[in-house]
Amino acid sequence: MQFLLLLSFLHVSTATALINRKNVVTRFNPTRHASSNTTPMQVGNGNFAFGADITGLQTFLPFATLSSWGWHNASLPTTPGQTSPADFTGLEWWTHGRLVNYDQPNPAEADISQWLIANPHRINLGRIGLHFAGQNGNNNVNVTESDLTDKMQTLDLYSGTITSRFRVNGFAVTVWTWVDPLSDTVAVRIASELLSRGQLGVFFDYPYATGEEKFEAPFVGDWGNVSRHETQLSELKEGSAQIKHVLDNTTYYTAIRWSGEASITPVNGTHRYILQPGSPSQQTLELKATFSPFSNASSPSSVDSVVQNCVHWWRDYWETGAFIDLTATGNATALEIQRRTILSQYLLAVNEAGHGPPQESGLVNNGWYGKFHMEMYLWHSAHWIPWGKFPLLERSIGVYDRFLPSSVRRAHDQGYAGARWGKMSDPTGRSAPGEINSLLIWQQPHVFYFAEMEYAAANQHQQQQQQQKKDILQKWDPILTSSADFMASFAFWNQSTGVYDLGPPMYPASENTNPNCTTNPTFELAYWRFGLDIAMAWKARLGQPVPQRWKHVAEHLAPLPTVAITDTNTNTITTTTYTLYEGIPNMWLDPATVTSHPALSAIYGLLPPTDMVNETIVAATAAQIARAWNFSQCWGWDFPLLAMNAVRLGEVDRAVAYLVHGNFAFDDVGMPVGSEDTAPTPYFPGAGALLLAVAMMAGGWSGSNSSSSGGGDSSVGLGATVPGFPPEWDVKAEGFMVML
Ligand SMILES: *[C@@H]1O[C@H](CO)[C@@H](O)[C@H](O)[C@H]1NC(C)=O
Ligand SMILES: *[C@@H]1O[C@H](CO)[C@@H](O)[C@H](O)[C@H]1NC(C)=O
Ligand SMILES: *[C@@H]1O[C@H](CO)[C@@H](O)[C@H](O)[C@H]1NC(C)=O
Ligand SMILES: *[C@@H]1O[C@H](CO)[C@@H](O)[C@H](O)[C@H]1NC(C)=O
Ligand SMILES: *[C@@H]1O[C@H](CO)[C@@H](O)[C@H](O)[C@H]1NC(C)=O
Ligand SMILES: *[C@@H]1O[C@H](CO)[C@@H](O)[C@H](O)[C@H]1NC(C)=O
Ligand SMILES: *[C@@H]1O[C@H](CO)[C@@H](O)[C@H](O)[C@H]1NC(C)=O
Ligand SMILES: *[C@@H]1O[C@H](CO)[C@@H](O)[C@H](O)[C@H]1NC(C)=O
Ligand SMILES: *[C@@H]1O[C@H](CO)[C@@H](O)[C@H](O)[C@H]1NC(C)=O
Ligand SMILES: *[C@@H]1O[C@H](CO)[C@@H](O)[C@H](O)[C@H]1NC(C)=O
Ligand SMILES: *[C@@H]1O[C@H](CO)[C@@H](O)[C@H](O)[C@H]1NC(C)=O
Ligand SMILES: *[C@@H]1O[C@H](CO)[C@@H](O)[C@H](O)[C@H]1NC(C)=O
């Protein structure tokens, strides 16, 4: 059966896919008849994205234009002794009998602590909207969305095109919007008689950035405070202009080019510029705007070339790599999982394939000042590997090389070996001060998951040359070595018990415990073991000696903590489950514990079981979570996490139910819904985790039943097996790897 799986993996690279992917994709093209107050319809290239309201531009609602490169620092505090990042000293906490310095906000250094949390912050690069003018060219006509009629907007997922149609004063307007896959360029085509009448143009506008709000959703930027920043227009040759925007130390450019006769003029006292067509015969206007930190950025030759780039890039995106088709299943749940899957595939390519790891809200709006979280990187981006889209992960994975020196310094300053990866980060690699930020540890073994998945994918791909596998081993070796060195030195040898402990102090993934009392959390222990096992296997593959310390720690980690559940009537033990951490009081009865991320289910689901894991206890824990967990505070990746646990236990119906759980929602355009208590919409770790779970359910995992016992028509697609879906469903899957 392994042979058939290999065939199916190769199958797609020979471009003879059996699923009509275009039919499946376009069936889920979203349609709107009004702007959403919370989410834009979006086009983008993973590194740069543009959020549109119902007009296809940012006419009525200032949805954002975000990138991986646009960042800004507010001025430093002037408080004596707190005027430079070097003045921040953090806090010292007792850690196994010694004082260790952590990057935590220091009340005596409150101003510089907060500056480091909020800076640099990600900036909204600008707003592009329709400008409605009166019959005499009067610029102050007040058109609102409610003045438009016959509004209709669709997003063609297969070509990355938004088409928006409406009428204003009875005149039809059509707007097409694209973002170039190859440059940070928005391209627009507008068709309307209003253009020839001089009553329709396009405006550009620029906000300031303050970094005063941790969350800027749904809109980003400070549209007041006009005098705190500068814009400067220079008209280049005919049909083009450049706008330079300077916010303190940040400067970037918009290179604008348009078709036909038009002129661009500033609106005094604002940062708004209006492009107004001037020819009576002109019924269409084409324009493109390239955003760049460089004044000389190259940009595509025409709107047409952007359209061609989009058509090719998106077709390639959908037609290569893995694909799943559940549409033949006459089951509403299957169709909803398909919708979420397709829209997540689209939105993750638009928002989460840039130079750095994505922030939780991608390029839609800002959370945590636009910074990204190293522990979330796995949920955002690991799915690219089983979906056969490694080049998109490759754009950002270099973050581990870039952050290695600062991570080695962090470990060293705290008295550990190796590299300790940071948490809430900006592109410089600085980890923002924070109690949780400095005490979280589950980001540490992610490098082993990424590396092992890449290696496993290459191993299953028969065309991969030996040399390519060697390259993968070499490439990851320094990162894995430094990561394992830290993990081995962080584990504390407890002489009285003869095992290695993790913590205290530390925060587990659920971030809901007292860090000074948190020791040996189930998930982190199992993840430490998983990481060290791979670290050792990696050395063996390279023919290098395995450091003895790694082996000793891996083999002597504290056992996973358990609790016996007693029937109070008969006073007998009914079942044994894992617990959040060792010695936690009241595991299943404390409302504060049975909430938030149920990360302990990752030890047999996301992760393959290590020697530490007992499957009987895993199953009892999964059943107890289903019974006793308070899901009202769960969101995002929690449900795919639970689905992967259920599926590895063979409970496919439960897995499917988790993927459509009432607290796990995706809006009409596929944005994963957040909440006031948790994080604003969109919360993309939910989308990335969904794709990871679907890949596992479709492609199987090491040790899964490889016969086609699950999934009615699973043999379609050259023997691809779908062990994670209900047997009565009609599932077609092609190109998935067998996961760990
Ligand atoms: C912001 O300031 C920090 C600290 O001086 C520096 O490392 C970083 O490069 C600056 N970023 C920007 C966008 O100016
Ligand atoms: C801006 O740049 C100047 C000159 O390099 C530097 O002195 C100043 O600290 C920078 N400001 C911020 C907020 O980073
Ligand atoms: C944990 O212990 C440190 C001293 O090592 C103390 O400063 C800190 O307040 C304690 N934190 C909590 C949450 O109890
Ligand atoms: C435009 O219309 C809106 C909604 O009717 C109103 O709130 C606003 O004051 C008007 N603005 C101008 C400049 O007339
Ligand atoms: C202008 O800037 C100040 C200081 O940064 C800020 O408090 C205020 O909210 C800003 N005004 C607007 C309209 O955003
Ligand atoms: C806008 O400013 C320019 C130069 O600052 C000036 O020449 C022009 O008259 C102003 N226009 C309006 C409408 O105020
Ligand atoms: C733009 O200018 C910089 C120097 O300012 C240069 O390094 C770079 O190669 C130029 N890029 C292009 C596309 O010409
Ligand atoms: C869809 O399939 C799931 C999983 O097998 C099942 O629980 C559910 O009842 C089905 N729904 C319908 C409407 O058939
Ligand atoms: C060793 O482990 C025991 C049991 O978990 C714990 O009570 C004790 O505090 C640990 N010793 C040290 C020095 O951490
Ligand atoms: C797994 O746990 C169950 C329940 O506690 C226990 O009965 C069984 O012996 C354990 N299996 C192993 C291999 O330790
Ligand atoms: C579940 O959590 C919510 C939010 O924290 C809370 O309001 C509710 O009372 C909890 N339910 C139970 C059964 O504890
Ligand atoms: C594998 O298949 C067997 C027999 O059909 C079944 O009993 C078992 O639950 C399956 N295991 C998983 C993990 O699906």
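We're numbering straight along the sequence, starting at 1. Given the structure is predicted, the values throughout are model-derived calculations rather than measurements. Whatever order the structure lists them in is the order used to number ligands and atoms, beginning at 1.
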Plane angle bin for Tyr416 and Phe490 - parallel if under 30°, tilted between 30 and 60°, otherwise perpendicular: tilted
Asn73: numbered ligand 1 atoms lying under 4.0 Å from its heavy atoms: 1 (C), 2 (O), 3 (C), 8 (C), 10 (C), 11 (N), 12 (C), 14 (O)
Asn614 N/O under 3.5 Å from ligand 10 N/O: yes
Any Trp115 heavy atom less than 4.0 Å to ligand 1: yes
Polar side chain donor-acceptor pair, Ser113 to Gln104, under 3.5 angstrom: no
Aromatic ring pairing His446/Trp442, orientation class (parallel under 30°, perpendicular over 60°, tilted between): perpendicular
Exercise: do Thr185 and Ser299 side chains pair donor with acceptor under 3.5 Å: no
Side-chain H-bond candidate by donor/acceptor type, Tyr604 with Thr621, under 3.5 Å: no
Distances for all N or O pairs of ligand 3 and the protein under 3.5 Å?
unit_1	atom_1	unit_2	atom_2	d
ligand 3	2 (O)	Asn516	OD1	3.3
ligand 3	2 (O)	Asn516	ND2	2.4
ligand 3	5 (O)	Trp94	N	2.8
ligand 3	11 (N)	Asn516	ND2	2.9
ligand 3	14 (O)	Asn516	ND2	3.2

Whether His271 and His245 hold their rings parallel, tilted or perpendicular, with breakpoints at 30° and 60°: tilted
Enumerated ligand 1 atoms positioned under 4.0 Å from heavy atoms of Trp71: 13 (C)
Any N/O pair Thr428/ligand 1 closer than 3.5 Å: no
Flag for Thr79-Asp111: side-chain donor and acceptor within less than 3.5 Å: yes
Ligand-side contact atoms (ligand 1) for residue partner Arg430, heavy atom cut-off under 4.0 Å: 4 (C)
Phe486 and Trp528 aromatic ring geometry - parallel, tilted or perpendicular at 30°/60° bounds: perpendicular
Pair Trp493-Asp501, side chain to side chain donor-acceptor pair (under 3.5 Å): steps then yes or no: CA-CA 6 Å; Trp493 178 247; Asp501 290 334; over 6 Å; no
